[in-house]
Amino acid sequence: MNFHILTLFPDMVLDGLNTSIIGRAVERGLLSINAVNIRDYTREKHRHVDDAPYGGGAGMVMQAEPVCAAYRALCERTGKKPRVLYMTPQGRVFNQETARELSREEDLVFLCGHYEGIDERALELIVTDHLSIGDYVLTGGELPAMVMIDAISRLVPGVLNNDVSAEIESFHDNLLEYPQYTRPEIYEGMPVPEVLLSGHHKNIEEWRRQKSIERTLERRPDLLEHAVLTKKERIYLEKLLASRENL
Ligand code: ADE
């Protein structure tokens with residue numbers, strides 16, 4: 001999978017993504033990260049990429065020309081016309097389902113704005129998706145792009161060494177992940193739940209599902225509406241709800 005990031009701060013994105021799991025996946029040829037400096041596409045003699053907004057107001061607006069030129073050069077170079085995701089707090093809020101959907105693309109372009117945003121005409125010409133990482137305003141689109149690239153990358157086959165853990169994750173079946181424990185068996189007087197030491201896989205699996213349900217009810221009850229539960233698990237959830245009502 002090939003990620004292309006159109007940005008004024010290519011080093012920020014490259015430094016952030018060329019480490020750990022994503023960095024290793026790049027080395028192994030499973031992913032490529034191509035940071036394109038929008039400033040390289042200005043024809044302006046002082047290499048400016050922004051100007052004051054028409055109609056007045058605070059701040060500067062990124063000009064349409066270098067943004068469109070950077071995208072078109074990329075299309076020519078790759079012979080493809082990938083989707084362009086514009087990072088904006090006005091977009092649809094990115095979630096695990098969006099990550100899953102985007103992980104099926106071969107190439108993706110992330111357009112990162114700065115200052116007061118990008119000239120609307122460039123957005124009309126090249127952007128296919130407006131995406132946000134949440135209801136707060138950041139200084140630029142680089143961090144959102146990095147967040148999305150990380151979430152998408154771990155779903156690309158082979159990026160995580162065991163494909164199982166990409167599936168058994170928070171939000172799988174719309175449930176939060178169960179608690180995890182490792183050595184030592186007792187830490188500050190707190191023992192590891194006994195079932196995990198039993199070696200009984202079926203019981204362990206059942207316990208983990210129950211913990212996922214409990215945790216989702218406690219922390220993200222909004223998710224339960226769309227949770228995928230067996231009949232037995234649904235009864236378990238109803239019992240939890242009933243015992244809460246009794247409290
Ligand atoms: N740019 C600035 N804030 C943002 C946000 N919350 N999500 C995506 N892009 C942004």
Side-chain angles (χ1 to χ4, degrees), residues 1-22 31-42 48-71 74 82-105 107-156 169-171 219-220 222-223:
M1 171 142 202
N2 307 304
F3 298 110
H4 310 271
I5 305 109
L6 306 185
T7 169
L8 291 173
F9 302 97
D11 290 344
M12 178 177 175
V13 180
L14 290 174
D15 289 349
L17 291 172
N18 279 334
T19 50
S20 186
I21 294 176
I22 310 295
L31 306 173
S32 76
I33 296 171
N34 164 34
V36 175
N37 192 341
I38 295 170
R39 200 177 294 282
D40 291 343
Y41 292 86
T42 174
H48 287 148
V49 289
D50 58 342
D51 210 329
Y54 277 118
M60 300 289 263
V61 176
M62 283 170 67
Q63 291 169 300
E65 209 224 24
V67 171
C68 290
Y71 177 62
L74 188 155
R83 272 165 83 173
V84 178
L85 319 179
Y86 178 45
M87 304 293 102
T88 167
Q90 297 180 12
R92 180 162 55 92
V93 177
F94 179 86
N95 61 17
Q96 191 65 27
E97 196 185 324
T98 321
R100 224 172 278 135
E101 189 244 315
L102 292 172
S103 71
R104 292 193 273 270
E105 299 282 338
D107 288 76
L108 284 173
V109 176
F110 292 79
L111 175 57
C112 305
H114 248 270
Y115 317 119
E116 291 305 307
I118 299 179
D119 188 306
E120 191 66 23
R121 292 165 296 184
L123 305 179
E124 281 178 25
L125 283 167
I126 67 169
V127 169
T128 57
D129 303 75
H130 292 69
L131 289 177
S132 165
I133 57 163
D135 292 340
Y136 40 82
V137 181
L138 301 167
T139 56
E142 285 75 13
L143 286 169
M146 288 158 73
V147 166
M148 292 184 205
I149 290 169
D150 190 289
I152 296 164
S153 294
R154 61 188 290 292
L155 300 175
V156 171
E169 62 193 357
S170 280
F171 304 117
R219 299 181 184 175
R220 290 292 306 275
D222 57 301
L223 293 176

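Atoms within each ligand, like the ligands themselves, are counted from 1 in listed order.
- Around ligand 1 you find Met87, Thr88, Pro89, Leu131, Ser132, Ile133, Gly134, Tyr136, Val137, Leu138, Gly140, Pro144, each with a heavy-atom distance below 4.0 Å.
- Side-chain atoms of Leu102 and Leu85, non-hydrogen and from C-beta on, do get closer than 4.5 Å to each other.
- When atom types are taken as modelled, the side chain of Thr7 and the backbone of Phe9 share a donor-acceptor pair closer than 3.5 angstrom.
- In this structure, a donor-acceptor pair under 3.5 Å is absent between the side chains of Ser153 and Asp150.
- Here the side chains of Leu131 and Met148 are in contact, with some heavy-atom distance below 4.5 Å.
- Between Met1 and Leu108 there is a side-chain heavy-atom pair separated by less than 4.5 Å.
- Within 6.0 Å of atom CG in Leu138, more than 12 heavy atoms from other residues, nucleotides or ligands are found, so the atom counts as buried in its surroundings.
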